[in-house]
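Please read the structure below before turning to the comments.
The structure displayed is predicted, hence computed values, not measured ones. In what follows, every chain begins at residue 1, and chains take the letters A, B, ... in the order their sequences are listed.
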Protein chains: 2
Amino acid sequence: MAAARANNRSRTAERILDIAERLVQTRGFNAFSYGDIARELGITTASLHYHFPGKAELGEALIKRYAQRFSGALGRIDKEMPEAVAKLRAYAGLYAEELAGKRMCMCGILAAEYQTLPEAMRGEVIRFFDDHQRWLAGVLAQGQSQGKLRLAGSLEEIAEGIISTLEGAMLIALPYGDTARFDSTTSRLLAALRA
Amino acid sequence: MAAARANNRSRTAERILDIAERLVQTRGFNAFSYGDIARELGITTASLHYHFPGKAELGEALIKRYAQRFSGALGRIDKEMPEAVAKLRAYAGLYAEELAGKRMCMCGILAAEYQTLPEAMRGEVIRFFDDHQRWLAGVLAQGQSQGKLRLAGSLEEIAEGIISTLEGAMLIALPYGDTARFDSTTSRLLAALRA
DNA sequence: GTCTATAGGCAGATAGAC
DNA sequence: GTCTATCTGCCTATAGAC
């Protein structure tokens with residue numbers, strides 16, 4: 001999942017987002033500060049406020065950019081992979097990549113901190129999961145009509161379950177620093193869906 | 001899962017733990033302060049330091065008590081339920097109870113914050129998951145020999161997958177404030193294991 | 001056990017010069 | 001765009017009286 005920059009944001013703003021993104025995904029939104037970013041970037045916190053008025057706005061931009069990058073990846077998967085099972089595997093692969101960098105899914109970690117988030121960020125977290133659920137339900141429908149997946153019940157619920165399982169597998173893999181934990185749960189999940 | 005107090009801790013210390021427990025499970029370890037507890041308890045933060053020297057020690061006590069309560073619950077499940085499927089359902093029920101109180105599993109939320117935790121707390125988080133995995137693997141073995149579960153591959157890995165799925169389902173249910181999301185994923189998980 | 005008083009540090013944020 | 005200077009508030013923590 002490569003970087004795809006098409007905003008009218010400055011280079012500095014992008015670097016701020018890069019650093020903040022890593023900090024959120026590894027420590028959580030409440031466990032990093034403007035000071036952390038400023039130190040790493042070699043500027044002052046006052047300068048940070050020029051690019052993002054406050055932490056809430058920074059957080060909002062963070063999720064939006066993250067979600068957009070995922071959207072792009074999902075679009076590419078749709079274009080490049082004809083088969084549902086391959087799509088699901090690729091989807092899980094997106095999370096595996098993050099985990100390889102010792103990062104939790106941003107929206108997963110924000111879900112854990114949900115009650116403490118500024119309103120604007122909450123909406124974006126929900127939207128992220130809704131979008132993925134919709135995309136997954138579509139893939140499931142396709143796999144079902146292709147005869148590649150054997151599914152019982154609501155596709156939306158199955159999609160929810162897939163997201164839950166992947167997020168949970170990432171979450172538990174974190175303390176163990178162990179990608180294998182994620183991989184085995186993922187393969188098992190896919191195997192259970194296959195016809 | 002009722003409270004089971006058998007420590008030589010004071011009543012105040014237990015009340016501190018009760019409040020802190022709720023705060024951790026709803027906001028995370030990094031998003032609550034001694035001040036929050038003090039305000040709610042009607043004493044000063046200085047007094048808090050008498051009972052728990054620092055936030056790290058409080059955190060450690062918090063996980064230990066939580067894990068102990070779970071241990072007790074697992075023991076009761078073993079004693080009261082002869083059948084593996086019922087045990088698994090009861091296990092999932094423990095998490096459902098927490099979620100009904102709008103709480104995330106303590107160790108699940110601490111997993112998300114793992115990188116920022118004091119060393120002593122990290123060990124306890126790992127131990128929690130290890131213990132549950134061992135217990136679940138035992139239940140799976142029993143269900144298999146009873147002919148009630150149809151399992152392929154490593155029981156330890158399946159146990160890992162169960163924990164991941166339950167934690168993930170809780171995590172995603174949080175932003176939606178929706179217990180149904182957890183329940184549907186849970187039933188689906190159990191159905192997939194049944195013979 | 002609980003208090004007052006206090007410390008030092010860091011948080012997010014703003015004003016205004018350059 | 002970035003800086004210095006500054007603010008207010010909160011954080012964890014300690015000393016010592018009661």
Side-chain angles (χ1 to χ4, degrees), chain A residues 5 7-63 65 109-110 113-122 124, chain B residues 5 7-24 26-63 109-110 113 115-122:
Chain A
R5 306 279 150 73
N7 285 289
N8 34 2
R9 259 196 294 260
S10 71
R11 231 175 269 97
T12 303
E14 291 290 346
R15 288 179 65 201
I16 292 169
L17 289 174
D18 290 340
I19 295 170
E21 182 172 283
R22 197 197 67 242
L23 291 171
V24 171
Q25 291 189 259
T26 53
R27 307 177 52 85
F29 189 71
N30 292 316
F32 83 92
S33 68
Y34 265 39
D36 295 327
I37 303 172
R39 204 171 309 119
E40 192 169 332
L41 199 51
I43 63 174
T44 63
T45 59
S47 300
L48 252 42
H49 282 282
Y50 167 81
H51 297 280
F52 299 95
K55 209 184 170 187
E57 289 81 6
L58 171 59
E60 213 184 324
L62 230 29
I63 313 181
R65 191 182 71 155
I109 205 161
L110 292 178
E113 300 180 288
Y114 195 75
Q115 309 241 42
T116 71
L117 298 182
E119 256 303 308
M121 291 182 67
R122 296 192 184 183
E124 294 299 325
Chain B
R5 306 278 149 73
N7 286 287
N8 34 3
R9 259 196 293 260
S10 70
R11 232 175 266 100
T12 304
E14 290 290 348
R15 289 179 66 200
I16 292 169
L17 290 174
D18 290 341
I19 295 170
E21 183 173 284
R22 197 196 67 242
L23 290 172
V24 171
T26 52
R27 306 176 53 84
F29 188 72
N30 293 314
F32 82 93
S33 69
Y34 264 39
D36 294 327
I37 303 173
R39 203 171 308 118
E40 192 168 334
L41 199 51
I43 63 175
T44 62
T45 60
S47 301
L48 251 42
H49 283 282
Y50 167 80
H51 297 280
F52 299 96
K55 208 184 171 187
E57 290 81 6
L58 171 59
E60 213 184 325
L62 229 30
I63 313 182
I109 206 161
L110 292 178
E113 300 179 288
Q115 309 242 39
T116 72
L117 297 182
E119 254 304 306
M121 291 182 68
R122 294 192 187 183

**OP:** Could you tell me which residues satisfy ring-ring contact (aromatic ring centres under 6.0 Å, His included) with Y114(A), sequence neighbours excluded, listed by chain and number?
**Re:** none
Using whole Å, report how far [atom1] of [X] lies from [atom2] of [N].
X	N	atom1	atom2	answer
N30(B)	dC10(D)	CG	P	19 Å
I43(B)	dC3(C)	CD1	C1'	10 Å
H51(A)	dC3(D)	NE2	C1'	12 Å
R15(A)	dT2(D)	CZ	P	9 Å
L48(A)	dT14(C)	CG	P	13 Å
R9(A)	dG1(D)	CZ	P	13 Å

Subject >> Closest to the Y50(A) side chain, choosing from dT2(C), dG1(D), dC3(D) >> reply: dG1(D)
Original post:
Nearest to the side chain of S10(A) - dG1(D), dG1(C), dT2(D)?
Top reply: dG1(D)
Original post:
Side-chain contact, heavy-atom cut-off 4.5 Å: K55(B) with L62(B)?
Top reply: no
Original post:
Going by heavy atoms in the side chains, are E40(A) and R22(A) under 4.5 Å from each other?
Top reply: yes
**OP:** To the nearest 0.5 angstrom, please state how far the CD1 atom of I37(A) sits from the CG atom of L48(A).
**Re:**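 I37(A) CD1 to L48(A) CG: 5.0 Å, rounded to 0.5 Å.
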**OP:** Answer yes when R11(B) and E14(B) have at least one side-chain N-carboxylate O distance shorter than 4.0 Å, and no when they do not.
**Re:** no
Subject >> Footprint string (nucleotides 11-18 of chain D, 5' to 3'): B base within contact, S backbone only, - free, heavy atoms under 4.0 Å >> reply: SSBBB---
Original post:
Under 4.0 Å between a side-chain N/O of T44(A) and OP1 or OP2 of dT2(D), yes or no?
Top reply: no
Original post:
Just to confirm, is there a sub-4.0 Å distance from OP1 or OP2 of dG1(D) to any side-chain nitrogen or oxygen of S47(A)?
Top reply: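 S47(A) to dG1(D) OP1/OP2: no side-chain N or O under 4.0 Å.
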Original post:
Would you say R122(B) has more than 12 foreign heavy atoms packed within less than 6.0 Å of its CZ?
Top reply: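 Enclosed: over 12 neighbouring heavy atoms sit under 6.0 Å from CZ of R122(B).
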